[in-house]
J.: 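Got a structure here, written out as structure tokens. Questions coming.
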Amino acid sequence: MRWSIGIAAFLMLSLGAAVAAERWDMPMAYADSNYHTQNGKRFAEAVGVCTGGELEIVVHGGGSLFKGNEIKRAVQTGQAPIGERLLSAHQNENPLFGFDSVPFLATSFEASDRLWQAARDRLMEVLLEQNLILLYAVPWPPQGLYFNREITAIPDMAGIKFRTYNAATAKLAQLAGMVPVQIEAAELGQALATGVAEAFVSSAATGYDRKVWEHLSHFYDVQGWLPRNYVFVNQDSFDALDEHAQNCLRAAALLAEVAGTTRARELADWYRAQLTANGMIVLSPDQQLAADLAAIGATMSAAWSTLSGPDAAAILEAFESD
Ligand code: PCA
């Protein structure tokens, strides 16, 4: 008798706790096994521990809940309280979102960190105007070019169907005489298999995640830029949390940014080595190709500065004076 009262009391207490707890679905666009997604899961766990289970975040990787290009809108409109997306995918909305995809502006992890520090505050302001709170951002490894044959200069690229992931990569394709096709990483393997795309730009990480060696042969390690994924919360959902849970989100986000960035650095060489291990030819671009790409980069960099106006000027000044 005493036991059953005890068990009933225990059940009621745990039920009470379960009712009080809040559950947040967190859509993420990239492969479940990718370090961004794994880092998002660690972040969710940390929030769970910090809040004593009061806020449970459930990560849905691989674009399974919302596709990559739906995630920002879903969070803005409260269909999902929190999510992760490639920041520069939104540069059509505001060129500021493309600060990390300007070719050859910041080409190492170290420079990418400095650029992020230079852009972060302004980005937070712009996101707040969109009902979003920025939590953390983590870079991809440096971007390179994937082809199905040797490429020694820009004219070799003429007419190639080139998978892009933002406005900058579409512009790059156009300036190189290629045909841009915007495709989510989750659909990249399919696009290469069916010939919808014949080449693309990305990190060795995405090449590895999508087993690109099944379709393409050459990776040019151009080290063009390091785009970021960022995690953001719907402002109304954030405001509805108690202060302790809000602090937990912020603290876990600080940790996630450092941990995810460290993981990206650690894995960058490993990802490249996996491309070679799976039979791809991994090369630095020849002098001619490097010069051609640098010229395109200079054009794009000037165009971005003009488009982003005072924001670009402030970011570049802070970045260069650091
Ligand atoms: N992978 C992502 C963005 C940048 C990267 O390295 C992609 O290709 O979609």
Side-chain angles (χ1 to χ4, degrees), residues 27-40 61-64 66-72 83-92 97-109 112 115-116 137-147 161-173 178 180-192 196-216 219-231 260-261 263-275 280 282:
M28 298 181 78
Y30 292 94
D32 215 50
S33 58
N34 182 274
Y35 69 91
H36 285 287
T37 316
Q38 290 301 315
N39 190 49
S64 57
F66 290 97
K67 292 211 163 62
N69 58 6
E70 300 166 345
I71 291 176
K72 180 164 181 252
E84 182 222 46
R85 176 60 172 152
L86 181 72
L87 175 62
S88 57
H90 304 292
Q91 72 182 116
N92 277 338
F97 294 146
F99 77 86
D100 63 13
S101 298
V102 178
F104 308 115
L105 176 60
T107 60
S108 64
F109 280 102
S112 150
L115 185 60
W116 173 235
V138 170
W140 287 94
Q143 303 294 289
L145 299 169
Y146 290 89
F147 289 101
K161 286 181 258 168
F162 189 76
R163 173 268 173 169
T164 62
Y165 58 71
N166 62 15
T169 51
K171 188 77 200 152
L172 176 85
M178 297 188 283
V181 210
Q182 174 93 15
I183 293 166
E184 286 299 314
E187 271 110 49
L188 179 58
Q190 175 80 358
L192 294 169
V196 169
E198 305 162 293
F200 66 101
V201 58
S202 196
S203 57
T206 292
Y208 171 81
D209 288 343
R210 309 274 56 119
K211 294 194 173 53
V212 65
W213 48 84
E214 291 178 0
H215 312 287
L216 303 180
F219 178 63
Y220 289 91
D221 192 11
V222 167
Q223 313 215 340
W225 61 94
L226 288 79
R228 277 168 191 268
N229 283 1
Y230 70 127
V231 170
T261 304
R263 196 75 189 120
R265 278 177 188 255
E266 284 170 358
L267 283 172
D269 288 343
W270 182 86
Y271 277 128
R272 212 174 16 227
Q274 293 311 301
L275 300 181
M280 292 197 79
V282 175

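Ligands are counted one by one from 1 in listed order, and the atoms in each one are counted from 1 as well.
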J.: Show, in sequence, the C-alpha distance, side-chain angles and deciding distance for T206 and D209, and conclude whether the side-chain hydrogen bond (donor to acceptor under 3.5 Å, both in side chains) test is met.
T.: CA-CA 5 Å; T206 292; D209 288 343; 4.9 Å; no
J.: Looking only at the aromatic ring of each residue, does the gap between the centers of Y35 and W270 stay below 6.0 angstrom?
T.: no
J.: Polar pairs, ligand 1 vs protein, N/O only, below 3.5 Å.
T.:
from     : atom 1 : to   : atom 2 : distance (Å)
ligand 1 : 1 (N)  : S202 : OG     : 3.1
ligand 1 : 1 (N)  : T206 : OG1    : 2.7
ligand 1 : 6 (O)  : Q143 : NE2    : 3.0
ligand 1 : 6 (O)  : S202 : OG     : 3.3
ligand 1 : 6 (O)  : S203 : N      : 3.1
ligand 1 : 6 (O)  : S203 : OG     : 2.6
ligand 1 : 8 (O)  : R163 : NH1    : 2.8
ligand 1 : 8 (O)  : R163 : NH2    : 3.4
ligand 1 : 8 (O)  : S202 : OG     : 2.7
ligand 1 : 9 (O)  : Y30  : OH     : 3.1
ligand 1 : 9 (O)  : R163 : NH2    : 2.8

J.: Could you walk me through whether L216 and F147 pass the side-chain contact (heavy atoms from CB on, under 4.5 Å) test, one step at a time?
T.: CA-CA 6 Å; L216 303 180; F147 289 101; over 6 Å; no
J.: Quick check on side chain to side chain contact (heavy atoms under 4.5 Å, CB included): which of Y30, Y230, F97 does L86 satisfy it with?
T.: Y30
J.: Compare all side-chain heavy atoms of W140 with those of N34 and state whether any distance is below 4.5 angstrom.
T.: yes
J.: I need the T164 OG1 to I183 CD1 distance, nearest 0.5 Å.
T.: 7.5 Å
